Amino acid sequence: MKIGVGYPQGLDPTAALALVEEVDRAGLDSVWIAENPYWPGAFATAGAVAARSSRVEIGIGVVSAFTRSPAVLAMEAGQVQRLSGGRLVLGLGVGGPRVLEDLGVGVARPVDAIEETLVVLRALFGEGVTAHEGTVHRLRDIRLSFPVAAPPLVVGTIGPRMLAMSAAAADGIVISAHVPPAEIERIARDHRAAERTGRRGRVTAFVAAALDDDPALARARLKADVAETMVRLLRIPSLLPVLTAGELTLADLEEAAACARDGRPGDVADRVVDELCLAGDLAAVTTRLERLAAAGVDEVVLLQAAEHPGFTAHAAGLADRARALR
């Protein structure tokens with residue numbers, strides 16, 4: 001198994017890039033950069049990470065396929081691939097419906113759109129596109145001016161139709177954070193079963209995490225995020241079966257959301273954090289990683305962990321655990 005970290009967007013760039021250097025030296029496997037609404041752009045950040053590291057993979061996880069033309073995606077990703085010496089992983093997704101609506105971006109047939117974007121990107125990283133008349137994209141006479149090997153193209157999703165498409169057309173999947181471990185395991189196994197014979201894409205799981213020798217302190221660092229995330233996710237009916245696939249009930253999740261609305265995030269139940277996140281000392285985190293590795297997860301990306309005090313003291317130990325699970 002590989003273990004990566006989420007780029008610490010909560011830190012100022014100087015501190016964040018210094019931490020990237022520490023992660024690179026410690027032997028962890030990847031740094032993943034999210035592109036959330038109105039945050040710093042993922043590709044510019046990835047270029048900075050490439051310049052300040054020498055070995056970690058650089059994951060873009062994920063960018064919306066609807067906010068850029070495939071040609072612009074190929075231009076940006078191709079340059080990061082060159083700057084990093086071939087260490088890029090490009091993650092594509094749909095994006096939040098409300099944000100896309102605010103941006104004036106229409107989303108039609110998202111599964112077909114992502115699949116078509118994968119096809120066009122592979123062509124652009126190769127000989128280019130002479131003419132493409134698809135259901136979503138229409139391009140003509142487009143070629144990159146620089147040669148570059150295609151990075152792995154992965155899709156961020158937990159929906160069944162998108163997962164099925166990804167097993168056939170992508171180089172892997174990225175499973176969103178705050179998904180119960182039982183559901184991560186099911187998605188990983190189903191993805192493996194759906195892959196064509198002889199094809200094995202990568203399965204990456206994002207998990208909100210906090211490492212500390214004091215489990216109570218580790219949980220406390222994650223409670224506000226869990227509470228606020230539940231407010232957002234519970235507005236999406238299609239996610240309810242996913243969120244309740246493990247040990248938690250809808251009532252448990254609604255109570256966590258109420259903690260955010262009432263300004264009392266510290267009241268989120270410990271068992272909610274334990275189900276949806278990785279919180280505790282290195283031994284406790286390793287136990288959960290072993291379970292995910294057994295289910296077919298290739299890489300776990302620890303979100304938020306790098307922003308917490310003392311993370312670098314655990315980085316080398318995490319790298320050792322990752323090597324032991326390969």
Side-chain angles (χ1 to χ4, degrees), residues 1-6 29-30 32 61-62 154-160 162-163 166-167 172-194 201-212 215-216 218-223 225-230 232-234 236 238-257 268-305 314 318 321-322 324-326:
M1 173 180 275
K2 294 180 177 181
I3 298 177
V5 299
D29 297 291
S30 60
W32 283 75
V62 298
V154 300
V155 175
T157 183
I158 54 176
M162 193 74 82
L163 286 166
S166 301
I173 58 172
V174 175
I175 303 171
S176 308
H178 302 100
V179 172
E183 189 68 356
I184 295 175
E185 293 165 16
R186 183 197 65 77
I187 290 170
R189 292 191 178 102
D190 287 356
H191 182 76
R192 293 287 177 230
R202 59 195 293 157
V203 175
T204 298
F206 285 3
V207 184
L211 277 81
D212 198 282
R219 293 188 188 99
R221 289 172 173 163
L222 295 168
K223 288 188 175 186
D225 174 71
V226 169
E228 292 162 7
T229 300
M230 289 306 105
R232 186 176 74 254
L233 296 185
L234 290 178
I236 307 173
S238 62
L239 291 182
L240 297 183
V242 173
L243 296 171
T244 57
E247 302 295 324
L248 302 178
T249 66
L250 180 58
D252 294 326
L253 302 176
E254 288 175 337
E255 171 57 25
V268 172
D270 288 351
R271 67 190 190 87
V272 172
V273 177
D274 290 341
E275 176 73 357
L276 300 179
C277 308
L278 282 174
D281 61 15
L282 195 56
V285 168
T286 299
T287 298
R288 182 82 160 266
L289 293 174
E290 289 170 346
R291 177 177 167 181
L292 295 175
V297 174
D298 299 298
E299 178 180 27
V300 172
V301 178
L302 306 178
L303 305 183
Q304 303 180 49
H314 297 284
L318 280 169
R321 299 300 194 278
L325 290 171
R326 289 174 191 162

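Here the structure is a predicted model, which means the values were calculated and not measured.
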Q: I need the minimum non-hydrogen distance between Ala188 and Gly296, along with the two atoms involved.
A: CB-C, 4.3 Å
Q: Only counting residues at least two apart or in another chain, list the ones meeting side-chain contact (heavy atoms from CB on, under 4.5 Å) with Ala295.
A: Glu185, Arg189
Q: Report yes if the side chains of Leu234 and Leu253 come closer than 4.5 Å at any heavy-atom pair, otherwise no.
A: yes
Q: So, taking the atom named CG in Leu211 and the one named CG in Leu278, what distance separates them when rounded to the nearest 0.5 Å?
A: 8.0 Å
Q: Just wondering, do Asp225 and His178 contact through their side chains at under 4.5 Å, heavy atoms?
A: yes
Q: Side-chain contact, heavy-atom cut-off 4.5 Å: Trp32 with Val5?
A: no
Q: What are the two closest non-hydrogen atoms of Leu222 and Cys277, and how far apart are they?
A: CD1-CB, 3.7 Å
Q: Is the count of non-hydrogen atoms from other residues, nucleotides or ligands lying under 6.0 Å from Glu290 atom CD greater than 12?
A: yes
Q: May I ask you to test the Pro180-Glu247 pair for a side-chain heavy-atom distance under 4.5 Å?
A: no
Q: Where is the tightest heavy-atom contact between Gly280 and Val285, given as atom of each residue plus distance?
A: O-CG2, 4.1 Å
Q: Of all the heavy-atom pairs spanning Ala205 and Val297, show the shortest one and how long it is.
A: CB-CG1, 4.1 Å
Q: With Thr249, which residues qualify under side-chain hydrogen bond (donor to acceptor under 3.5 Å, both in side chains), at least two apart?
A: Asp252
Q: Could you measure the distance from the CD1 atom of Ile158 to the OG atom of Ser238? Nearest 0.5 Å is fine.
A: 7.5 Å
Q: Is the side chain of Arg321 donor-acceptor paired with the backbone N or O of Leu282 at a distance under 3.5 Å, no angle test?
A: no
Q: Might you point out which heavy atoms bring Ala293 and Met1 nearest each other, and give the distance in Å?
A: N-CE, 3.4 Å
Q: Which atom pair, heavy atoms only, marks the closest approach of His191 to Ile173?
A: CE1-CG2, 3.5 Å
Q: Keeping the roles fixed (side chain from Lys2, backbone from Asp29), state whether a donor-acceptor pair exists under 3.5 Å.
A: no
Q: Side chain to side chain contact (heavy atoms under 4.5 Å, CB included) between Thr204 and Val154: does it pass, once the steps are laid out?
A: CA-CA 9 Å; Thr204 298; Val154 300; over 6 Å; no
Q: State, yes or no, whether a side-chain contact exists between Asp270 and Val272 at a heavy-atom distance under 4.5 Å.
A: no
Q: Below 4.0 angstrom, N of the basic side chain to O of the carboxylate: do Arg202 and Glu299 qualify?
A: yes
Q: Mark yes or no for whether Asp298, through its side chain, and Val203, through its backbone, hold a donor-acceptor pair below 3.5 Å.
A: yes
Q: When you compare the side chains of His314 and Asp281, does any donor N or O come within less than 3.5 Å of an acceptor on the partner?
A: no
Q: From Leu243 CG over to Leu248 CG, what is the distance, rounded to the nearest 0.5 angstrom?
A: 9.0 Å
Q: Is the shortest heavy-atom distance from the side chain of Val300 to the side chain of Leu292 under 4.5 Å?
A: yes
Q: Once you round to the nearest 0.5 Å, how far does CZ of Arg288 lie from CG of Asp274?
A: 8.0 Å
Q: Is there a side-chain contact between Leu318 and Leu302 (heavy atoms, below 4.5 Å)?
A: yes
Q: Rounded to the nearest 0.5 Å, how far apart are CD1 of Ile175 and CZ of Arg186?
A: 9.0 Å
Q: Got a second to check how far Glu183's CD is from Asp190's CG, nearest 0.5 Å?
A: 8.5 Å
Q: With a 4.5 Å heavy-atom cut-off, do Val155 and Val174 have their side chains touching?
A: no
